[in-house]
Amino acid sequence: MKTLWLVRHARPLIDTERCYGRLDIAADAEATRQAAQALRQSLQPLHGRLQIRHSPLQRCRQLALVLQVLEPDFVSTPDGRLLEMDFGHWEGMRWNDIGDTAIGAWAHDLALHAPGDGESLAQMLQRVNEVLQDALNSDSAHMVWICHAGVARCAQWLLQHGHRLPQSHEWTLPAPAYGQWLRLELS
């Protein structure tokens, strides 16, 4: 059976009331170490049958590097398709300061509206689908993505609904908590 592990980075060093999709911010070092230790313990039985990729943003790269220090054979490759959504000029703003009108426009057309003139959910789904297809076609039995909440939701949506674009009321998929993961069966 082929599996996909969707691992979320540890808590970022930013006020989480801010929009921080593509902001390249670090994660808490101690929380990253703890997450890497727990992940290593869960992945060790799969040793030699893993393919690990990570988002190039430092909060994900940190976790990949600490994991590799703990287990040198767990080498991870950066993959830009695993980046969080690009929120354009919303990046770094407090969600409350973005405004109900702007957030309402996004919610009204969740799939096609590009929040902050950044990236639409349809665009994000397309790039996540590319890396998902690579995973499905891989010879590796287990794929590990060290990524973001948005990527985890996109992967789940694609596995459950294919290429159908979601409506706002349907976008309720869970994301792993900081430093946690979901394990999905691919076959």
Side-chain angles (χ1 to χ4, degrees), residues 4-32 35 53-65 76-133 145-182 184:
L4 174 62
W5 297 63
L6 298 168
V7 181
R8 189 174 180 192
H9 57 81
R11 188 180 192 294
L13 297 175
I14 190 170
D15 170 9
T16 56
E17 296 298 312
R18 292 188 180 275
C19 176
Y20 63 91
R22 290 276 178 98
L23 288 181
D24 197 12
I25 51 179
D28 178 87
E30 179 58 23
T32 297
R53 295 177 186 244
H54 67 272
S55 163
L57 294 178
Q58 67 178 311
R59 56 192 184 266
C60 294
R61 191 174 60 244
Q62 277 178 264
L63 182 51
L65 292 173
S76 181
T77 305
D79 192 324
R81 299 173 295 181
L82 297 178
L83 286 164
E84 183 58 282
M85 179 177 269
D86 179 355
F87 287 96
H89 63 265
W90 289 10
E91 296 284 352
M93 291 180 67
R94 290 187 159 286
W95 285 104
N96 289 340
D97 294 339
I98 291 170
D100 291 341
T101 302
I103 291 175
W106 180 32
H108 178 73
D109 191 8
L110 180 73
L112 298 176
H113 183 83
D117 295 322
E119 174 182 40
S120 71
L121 180 56
Q123 291 169 313
M124 186 175 180
L125 283 163
Q126 181 177 346
R127 71 176 159 79
V128 172
N129 187 56
E130 290 173 11
V131 71
L132 182 59
Q133 293 308 308
W145 295 357
I146 300 173
C147 58
H148 310 274
V151 173
R153 288 185 178 104
C154 285
Q156 291 175 84
W157 178 267
L158 291 162
L159 289 169
Q160 293 175 20
H161 302 282
H163 296 288
R164 186 172 72 78
L165 294 177
Q167 300 293 309
S168 293
H169 70 276
E170 298 174 304
W171 197 246
T172 59
L173 297 163
Y178 294 124
Q180 301 293 310
W181 54 86
L182 295 175
L184 306 175

For a side chain to side chain contact (heavy atoms under 4.5 Å, CB included) check, start with the C-alpha distance between Thr32 and Leu65, then their side-chain angles and the critical distance, and finish with the verdict.
CA-CA 10 Å; Thr32 297; Leu65 292 173; over 6 Å; no
[atom1]/[X] to [atom2]/[Y] distance, rounded to the nearest 0.5 angstrom?
{"X": "Asn96", "Y": "Arg18", "atom1": "CG", "atom2": "CZ", "answer": "10.5 Å"}
{"X": "His113", "Y": "Ile103", "atom1": "NE2", "atom2": "CD1", "answer": "10.0 Å"}
{"X": "Leu63", "Y": "Arg8", "atom1": "CG", "atom2": "CZ", "answer": "12.5 Å"}
{"X": "Ile98", "Y": "Trp106", "atom1": "CD1", "atom2": "CH2", "answer": "8.0 Å"}
{"X": "Trp171", "Y": "Cys154", "atom1": "CH2", "atom2": "SG", "answer": "4.0 Å"}
{"X": "Gln123", "Y": "Met85", "atom1": "CD", "atom2": "CE", "answer": "8.5 Å"}

Quick check: do [X] and [Y] have side-chain heavy atoms less than 4.5 Å from each other?
{"X": "Leu165", "Y": "Leu121", "value": "no"}
{"X": "Ile146", "Y": "Arg61", "value": "no"}
{"X": "Val7", "Y": "Pro176", "value": "no"}
{"X": "His89", "Y": "Asp117", "value": "yes"}
{"X": "Met124", "Y": "Asp86", "value": "no"}

Under 6.0 Å from the NE2 atom of His108, do we count more than 12 heavy atoms belonging to anything else shown?
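Count not over threshold, so no.
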For atom CG of Asp15, decide whether the heavy atoms of other residues, nucleotides or ligands shown that lie under 6.0 angstrom number more than 12.
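Yes, the 6.0 Å shell around CG holds more than 12 heavy atoms from other groups.
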Can you check whether [Y]'s main-chain N or O pairs, donor with acceptor, with [X]'s side chain at less than 3.5 Å?
{"X": "Arg81", "Y": "Arg127", "value": "no"}
{"X": "Arg53", "Y": "Trp145", "value": "no"}
{"X": "Arg11", "Y": "Asp28", "value": "no"}
{"X": "Gln62", "Y": "Ala26", "value": "no"}
{"X": "Gln156", "Y": "Ala152", "value": "yes"}
{"X": "Gln58", "Y": "Asp24", "value": "yes"}

Where do [X] and [Y] come nearest, in terms of heavy atoms and distance?
{"X": "Ala35", "Y": "Trp181", "answer": "O-CZ3, 4.3 Å"}
{"X": "Leu173", "Y": "Arg153", "answer": "O-NE, 2.9 Å"}
{"X": "Asn129", "Y": "His163", "answer": "ND2-CE1, 3.2 Å"}
{"X": "Leu159", "Y": "Leu184", "answer": "CD1-CD1, 3.7 Å"}
{"X": "Cys147", "Y": "Cys60", "answer": "O-SG, 3.4 Å"}
{"X": "Pro174", "Y": "Leu182", "answer": "O-CD1, 4.0 Å"}

Please identify each residue that fulfils ring-ring contact (aromatic ring centres under 6.0 Å, His included) with His161, with sequence neighbours left out.
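Once residues adjacent in sequence are excluded, the partners of His161 under the ring-ring contact (aromatic ring centres under 6.0 Å, His included) criterion are Trp157.
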Relative to each other, are the rings of His9 and Tyr20 parallel, tilted or perpendicular (30° and 60° limits)?
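Plane angle over 60°, so perpendicular.
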Is a salt bridge present between Arg59 and Glu84, judged by a nitrogen-to-oxygen distance below 4.0 Å?
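Between Glu84 and Arg59 there is no salt bridge, as every charged N stays at least 4.0 Å from the carboxylate O atoms.
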